[in-house]
Amino acid sequence: MTVYLNGQYLPLAEAKISPLDRGFLFGDGAYEVIPVYSRRPFRLDEHLARLQKTLDAIRLPNPLADAEWREVIARIVAAGESEDQSVLLQVTRGADVMRDHAFPVGVPPTVFVFTAPLVTPGPVQRAAGAAAITVADARWARCDLKVISLVANVLARQQAVDVGSVEAIMLRDGLLSEGAASNIFVVKDGVLLAPPKDWRMLPGITYDVVLELAARHGMKFEVRDIAEAELRAADELWMTSSTKEVLAIVTLDGQPVGDGRPGPAAQQMYAWYSAFRDQVMRNSDA
Ligand code: PDD
């Protein structure tokens, strides 16, 4: 498998970084996960724009221009083994000889791009839906940034896996924030509810696609704070992400959501999502 590391394309086994890399020592870096269908990246502009926002916020100059990112991603995708892939790109503040929290001076960033086969939920999982639990959101106050310091997300998702669930839904001050690795939507009385894109959650690329599709097809939706009680009284819950696409959550903390099966709105949105994705991919010259 070919990866990109600091200007070079090389086999994964030959890609080496320093143990003093600040990504390793401090979790000091940014990342993106980009879904690729039929070797074409989906919503690449939006992923690169979000990367830029994260880099700006953590004061790490973007090492590559967008055209360069596109070129690197195109080469990595071309070398990838599957038609559908999940591309990870990661930038850290590099490796200094000294371990000091403050920014190093004159140290180049570490830039890594890697691809893996895209594993989206199959028809069986889609028909069954997913189990979720709730956990307290123990993260910092910039959850809008896609940074690599993910230990709180890792702990939350492991808590879910420990009890046979797929996702942990995080609550902060009695409000829904998001999943450990996904955004969460609620359907109640025919209205789609989405938490606002503020510091409490990652502005998901899939989240935006879902709201665009709701607007386009006339599904009623509201973007507003969602209280824990509304989460628990939902007719439907969905999780969305670049790899899960739109997936119905059918139990929450062991209780059925609605009638305990994927609801009609989730099925409708997934149908719109896959039709839209396929149409964009057909028209894309990427
Ligand atoms: N996770 N919220 C969090 C905390 C996430 O980690 C993700 C994505 C999302 C959904 O964002 P998007 O629709 O842009 O994928 C929301 C990726 C897939 C990951 O870390 O693997």
Side-chain angles (χ1 to χ4, degrees), residues 23 27 29-37 41-54 57 73 84-92 112-121 130 132-161 166-172 175-186 194-214 223 226 237-247 249 266 269-270 272-274 276-277 280:
Y31 79 109
E32 277 295 328
V33 176
I34 303 161
V36 172
Y37 298 95
F42 183 53
R43 295 247 150 167
L44 181 53
D45 289 352
E46 289 80 356
H47 282 278
L48 292 178
R50 186 171 65 185
L51 175 68
Q52 186 66 55
K53 274 195 187 143
T54 301
I73 292 164
D84 295 348
Q85 303 176 28
S86 162
V87 171
L88 170 85
L89 53 92
Q90 186 153 319
V91 183
T92 78
F112 179 56
V113 182
F114 166 84
T115 190
L118 177 64
V119 183
T120 55
I133 59 167
T134 54
V135 301
D137 194 341
R139 298 174 302 161
W140 70 331
R142 290 306 305 271
C143 296
D144 54 321
L145 303 178
K146 203 157 173 71
V147 290
I148 60 172
S149 341
L150 287 171
V151 71
N153 304 60
V154 166
L155 287 172
R157 217 180 90 73
Q158 187 58 41
Q159 232 180 296
V161 168
V166 169
E167 185 57 304
I169 298 181
M170 295 186 279
L171 293 163
R172 194 194 292 266
L175 298 178
L176 163 67
S177 42
E178 61 177 336
S182 62
N183 291 113
I184 303 294
F185 290 83
V186 169
K197 290 196 283 185
D198 61 18
W199 62 274
R200 292 173 295 185
M201 66 170 233
L202 189 77
I205 307 299
T206 320
Y207 168 104
D208 280 345
V209 174
V210 163
L211 290 185
E212 282 170 36
L213 289 169
V223 176
I226 297 167
L237 288 180
W238 312 345
M239 57 189 284
T240 70
S241 80
S242 293
T243 50
K244 293 287 192 283
E245 303 177 318
V246 181
L247 184 64
I249 291 170
M269 183 54 74
Y270 178 68
W272 289 335
Y273 185 87
S274 36
F276 174 73
R277 180 199 66 203
V280 170

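Just so it is clear, the values below take in all heavy atoms, side chains as well, and ignore hydrogens, waters and symmetry mates. In each ligand, atom 1 is the first atom listed, and ligand 1 is the first ligand listed.
- Protein heavy atom in closest approach to atom 13 (O) of ligand 1: Thr206 OG1, 2.6 Å.
- Residue-ligand proximity, Gly204 to ligand 1, at heavy-atom distances under 4.0 Å covers atoms 11 (O), 12 (P), 13 (O), 14 (O).
- Using a non-hydrogen distance threshold of 4.0 Å, Ser86 does not register as a contact of ligand 1.
- Between atom 17 (C) of ligand 1 and the options Lys146, Glu245, Glu46, the minimum heavy-atom separation is to Lys146.
- Among the atoms of Thr243, none of the N or O lies under 3.5 angstrom from an N or O of ligand 1.
- Between the side chain of Thr206 and the main chain of Thr240, no donor-acceptor pair closer than 3.5 Å is present.
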**Request:** Decide ring pair (Phe, Tyr, Trp, His ring centres under 6.0 Å) for Tyr31 and Phe112; before the verdict, give the C-alpha distance in whole Å, the side-chain angles of both, and the deciding distance to 0.1 Å.
**Result:** CA-CA 9 Å; Tyr31 79 109; Phe112 179 56; over 10 Å; no
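- Remark: ligand 1 atoms within the under-4.0 Å shell around heavy atoms of Ser242 are 12 (P), 13 (O), 14 (O), 15 (O).
- For ligand 1, the polar-atom distance check finds no N/O of His47 at less than 3.5 Å from any of the ligand's N/O atoms.
- The closest heavy-atom contact to atom 14 (O) of ligand 1, among the options Met201, Arg50, Lys244, comes from Arg50.
- For ligand 1, the polar-atom distance check finds no N/O of Val33 at less than 3.5 Å from any of the ligand's N/O atoms.
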Ignoring hydrogens and angles, write down the donor-acceptor pairs under 3.5 Å from the side chains of residues 152-161, residues two or more places apart or on other chains.
| unit_1 | atom_1 | unit_2 | atom_2 | d |
| --- | --- | --- | --- | --- |
| Asn153 | ND2 | Ala180 | O | 2.9 |
| Arg157 | NH1 | Val166 | O | 2.6 |
| Gln158 | NE2 | Asp162 | OD1 | 2.7 |

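- Using cut-offs of 30° and 60° on the angle between ring planes, the pair Phe276 and Phe42 is perpendicular.
- Judged as a side chain to side chain contact (heavy atoms under 4.5 Å, CB included), and not counting sequence neighbours, the contacts of Pro203 are Arg50, Asp144, Lys197.
- Close contacts of ligand 1 with Tyr31, meaning ligand atoms under 4.0 Å from a residue heavy atom, involve 6 (O), 19 (C), 20 (O).
- Distances below 4.0 Å separate heavy atoms of Glu178 from the following atoms of ligand 1: 2 (N), 3 (C), 4 (C), 16 (C).
- Of the protein's heavy atoms, Asn183 OD1, 3.6 Å lies nearest to atom 10 (C) of ligand 1.
- Residue-level proximity to ligand 1 for Ser182 is carried by the backbone, the only part with a heavy atom below 4.0 angstrom.
- Between the side chain of Glu245 and the backbone N or O of Pro121 there is no donor-acceptor pair closer than 3.5 Å.
- Every atom of ligand 1 with a heavy atom of Asn153 under 4.0 Å away is listed here by number and element: 4 (C).
- Among Pro203, Ala181, Ser177, Ala156, the residue whose heavy atom sits closest to atom 7 (C) of ligand 1 is Ala181.
- Ile184 places a side-chain heavy atom less than 4.5 Å from the side chain of Ile249.
- Among the atoms of Arg139, none of the N or O lies under 3.5 angstrom from an N or O of ligand 1.
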